[in-house]
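Structure first, then comments.
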Amino acid sequence: MSQTTATLPTALYTAAQVRELDARLIAAGTPGFELMQRAAHATWRALRRRWPDAESITVLTGRGNNAGDGYLVAALAQRAGRQVRVYTVGDPQQLQGDAERAFTEAQAAGVELMPWTADAALQGVLVDALLGTGVSGEVREPYASAIQAMNSSALPIVAVDLPSGLCADTGRVLGQAISAELTVSFIGLKLGLFTGEGPSRTGELVFEDLQADCTIADRLDASALRLCETNLPKLAPRAPTAHKGSFGQVLVIGGDLGTGGAALLSAEASLRCGAGMVTLATRPEHVTAALVRRPEIMCAGVESTYALTALTQRADVLVIGPGLGQAPWGRSLLSLAPQCQVPQVWDADALNLLATGAVALPVGCLITPHPGEAARLLNTTVAQVQADRPATARTLAARYRCAVILKGAGTLVADHDGRLALCDRGHPAMASAGLGDVLAGVCGALLAQGLSPFKAACLAVWLHAVAGERAGQLGRGLAAADLIQTIRQLLEEQSPCRK
């Protein structure tokens, strides 16, 4: 069964898990060469659908099973009357098993086979069959030069199973990686296709299960769950006798001088996503502007923890950090949060202060770091965070005993019990200030309505990303507040207020 992004499976696997699935299929009675043939046919179908007028096909092969897929694609294209050339980057003499058999089939079909050289002539649609899921270290020569040549050719590239040089587990570029327009992936979806550099290297993604017995995959726990409409947590419908006290009071704390809008965005997002009551604790200078913009939000000007204490005693959920700053005012307000025995969302400067050791995070919270904040929390670098985003999210969740939203391309949601979810939605127009403040407010509202931190994070991330897609259709210039009404509509579609 071939699937495009609209209907992709939700299970995401590591490279080792996909190899285990492949081994189980073979053990269950499907010969490895037959799986290779099915993969080649799936790639050839996808290539013809994407480029129906392509008359020239150039395949670059390595020396593993990924190369075997490429040789069989070349044979299919040759028999279909296309002009086909294969450049053997990996030595064909080192091929073994099914890959060697595929090489022989390409020879029998009359495919032109040539060793790779730096001046090789690339033409038509390029098929990347260089490196599969087995590569772990930096890409070495001659593969690195072949990848550079393909990327700089300006020709369309289809990647077989995985863009060569992309880590299947993390989405990290291993020195050099193919930038494909189309990737046809097999048996199980690789986690690295969806996070880190994966989304920018994969292009259009088509999945082919190679007619596998679905019960085989069901018996192997996935590494992560891809969030989609069918597996999102839902809020319960509201009873006819419901009142504002039934859906919690969210207290948003933040908005130092010059950053009052951040806390207001969080408060407005909480209100629009169904919190029964929302209070904004901010600098007194911001109260008038906040009430003018959104009079439904209770707004309190606070100068110290003394003024904040009474507000925290009435709150069911805290959202702290948007616009908080790291000056004495913000530090003072944050120091009160660990004493509050309610669900909490920590964002922005609350996380930066947490990283300094100035305050401790209560158990069972939800934190929402971007890669820079995550690096500070783990005393590492942004590059190291991005090199293995799944491990970073899991480490944060375990270290702080919390749920984590690690923002960025392929946003990850991790829980301290080991669960990992991924959101592959969103839009480049979302690269705009204030969107994280909106996300924090959405999380607070969902916590107030009874969802656990992990479930609230999963639903909030998906709502936020899909709202970004809709609002981002106009392109550049997306403002954070543009998302709030769209998130409200999406939430109602997912969890209707009435039965």
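Computation of the quantities below employed the complete heavy-atom set of this structure, encompassing side-chain atoms and omitting hydrogens, waters and symmetry-equivalent molecules. Counting from 1, the numbers follow the sequence of the chain as shown.
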### SB check R172 E197 (cutoff 4.0 Å)
no

### Message
Is it the case that the side chains of S185 and K190 hold a donor-acceptor pair, with the cut-off being a distance below 3.5 Å and no angle test?
### Response
yes

### Donor on one side chain, acceptor on other, T195 and R389, under 3.5 Å
yes

### Query
Just checking, is any N or O donor in the side chain of R201 or S179 under 3.5 Å from an acceptor N or O on the other one?
yes

### Message
Within the 3.5 Å criterion, strictly below it, is a donor on T14 or D169 matched to an acceptor on the partner's side chain?
### Response
no

### Message
Between T61 and Y71, do the side chains contain a donor N or O and an acceptor N or O under 3.5 Å apart?
### Response
yes

### Message
Rounded to the nearest 0.5 Å, what separates atom CE in M36 from atom CG in D22?
### Response
9.0 Å

### Pair D347-T368, side-chain donor/acceptor within less than 3.5 Å
yes

### Summary
Taken to the nearest 0.5 Å, the spacing of L72 CG from F103 CZ works out to 12.0 Å

### Message
Just verifying a value: how many Å separate I487 CD1 and R272 CZ, rounded to the nearest 0.5 Å?
### Response
12.0 Å

### Query
Do R425 and E469 meet the salt-bridge criterion of a basic N to acidic O distance under 4.0 Å?
yes

### Task
Could you tell me whether the side chains of E34 and T30 share a donor-acceptor contact shorter than 3.5 Å?
no

## Note on the structure
Separation between CG (L210) and CD1 (I187), nearest 0.5 Å, reads 5.0 Å

### Query
Should the pair E105-R79 be classified as a salt bridge under the 4.0 Å nitrogen-to-oxygen rule?
yes

### Message
So that I can tick it off, tell me whether E20 and R24 are bridged by a salt bridge, with the cut-off set at under 4.0 angstrom between side-chain N and carboxylate O.
### Response
yes

### Query
Salt bridge check: are E204 and R49 linked by an N-O gap of less than 4.0 Å?
yes

### Query
Judged by modelled atom types alone, do T381 and Q384 share a side-chain donor-acceptor pair under 3.5 Å?
yes

